[in-house]
Engineer: 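Before we start, here is the structure in question, set down as structure tokens.
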Amino acid sequence: MDAEILLETQDVVKAFGDLRAVDGLNLQVHAGEMVGLVGPDGAGKTTAIRMMCGALPPTSGTIRVAGYEVPAQIEKAREHIGYLAQRFSLYGDLTVKENLDFFGEVFDIPDAEREARSQNLLRFAGLGEYAGRRAAALSGGMQKKLGLATALVHNPKVILLDEPTGGVDPIARQEFWRLLIGLLREGSAVLV
């Protein structure tokens, strides 16, 4: 039996005036599969990812996440989306643990379950010993791992990563990809 399609786009277009930033994007990402969008700067990769997570509406075409149409069913779709932006976008004044707790609250995860998930994600991302450190004081690689952990706090099926290892050292990059391989084994669909 084929793996479930968790992310799909059909003829997706995003135009800004006369500029077509995305022009007819068609893709499918199945459970347990990682797909990469590759192209030079300005090719529309970030725009495509922002449409998939519901941050930008497409000009035309269809986007489905875990069977829900984006943007029409965005609230349901977001329950299944973990998104890591290209730039660090967490709360630098909060600690690692406080960031995880905050995002757990955003997704209405009950206190006891949120605590268990936070502890698991701290172990998963190798951030346990840094739980009390302010996010702004983390290295670039650790910030990326914290970003991934917060994106996973609600157990999403679809993980959207916008240049997740840009600007990090080779060792942190390798550790990050190891984490992603683990998620694929668990049946997540990953778009990079």
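Scope of the values below: all heavy atoms of this structure, side chains included, with no hydrogens, waters or symmetry mates.
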Engineer: In Å and rounded to the nearest 0.5 Å, what is the CG to OG distance from L127 to S118?
Structural biologist: 11.5 Å
Engineer: CD of Q28 to CD of E8: how many Å apart, nearest 0.5 Å?
Structural biologist: 4.5 Å
Engineer: Please answer whether the main-chain N or O of G39 pairs with a side-chain N or O of K45 as donor and acceptor at a distance below 3.5 Å.
Structural biologist: yes
Engineer: So, applying side-chain contact (heavy atoms from CB on, under 4.5 Å) with L160, which one of V190, I81, L84, V29 is it?
Structural biologist: I81
Engineer: L121 and A149: which non-hydrogen atoms are nearest, and at how many Å?
Structural biologist: CD1-O, 3.4 Å
Engineer: Evaluate the side chain to side chain donor-acceptor pair (under 3.5 Å) criterion for residues T150 and N99: first the C-alpha distance (whole Å), next the side-chain angles of each, then the deciding distance (0.1 Å), finally the verdict.
Structural biologist: CA-CA 7 Å; T150 60; N99 268 284; over 6 Å; no
Engineer: Would you say the side-chain atoms of D18 pair up with the backbone N or O of F16, donor to acceptor, closer than 3.5 Å?
Structural biologist: no
Engineer: Which atoms form the tightest heavy-atom contact between V192 and P164, and what is the distance?
Structural biologist: CG1-CD, 3.8 Å
Engineer: Between D23 (side chain only) and V13 (backbone N and O only), is there a donor and an acceptor less than 3.5 Å apart?
Structural biologist: no
Engineer: Between R78 and G54 (side chain of the first, backbone of the second, donor and acceptor by atom type, cut-off under 3.5 Å), is there such a pair?
Structural biologist: yes
Engineer: How far apart are the closest heavy atoms of L146 and A135, and which atoms are they?
Structural biologist: CD2-CB, 3.8 Å
Engineer: Could you tell me how the ring of F102 sits relative to the ring of Y91: parallel (under 30°), tilted (30 to 60°) or perpendicular (over 60°)?
Structural biologist: perpendicular
Engineer: Say whether, by atom type as modelled, one donor and one acceptor occur between the side chain of T9 and the main chain of V12 under 3.5 angstrom.
Structural biologist: no
Engineer: In Å and rounded to the nearest 0.5 Å, what is the CG to CG distance from L152 to L148?
Structural biologist: 4.5 Å
Engineer: Could you report the tightest heavy-atom contact between V153 and L100, atom names first, then the distance?
Structural biologist: CG2-O, 3.9 Å
Engineer: Quick one: do R134 and D93 satisfy salt bridge (charged side-chain N to carboxylate O under 4.0 Å, His left out)? Show the steps, please.
Structural biologist: CA-CA 6 Å; R134 286 184 334 107; D93 289 341; 3.1 Å; yes
Engineer: Distance-only check: which donor-acceptor pairs under 3.5 Å involve side-chain atoms of residues 56-74, not counting sequence neighbours?
Structural biologist:
{"unit_1": "T59", "atom_1": "OG1", "unit_2": "A15", "atom_2": "N", "d": "2.8"}
{"unit_1": "R64", "atom_1": "NH2", "unit_2": "Q10", "atom_2": "OE1", "d": "3.1"}
{"unit_1": "Q73", "atom_1": "OE1", "unit_2": "E69", "atom_2": "N", "d": "2.8"}

Engineer: Determine the minimum heavy-atom distance between Y83 and I49, stating which atoms define it.
Structural biologist: CE1-CG2, 3.5 Å
Engineer: For Y130 and V96, which heavy atoms make the closest approach, and how far apart are they?
Structural biologist: O-CG2, 3.3 Å
Engineer: Any side-chain donor paired with an acceptor under 3.5 Å for R123 and N120?
Structural biologist: yes
Engineer: Given 3.5 Å as the limit, does a donor-acceptor pair link the side chain of E33 with the main chain of H30, or not?
Structural biologist: yes
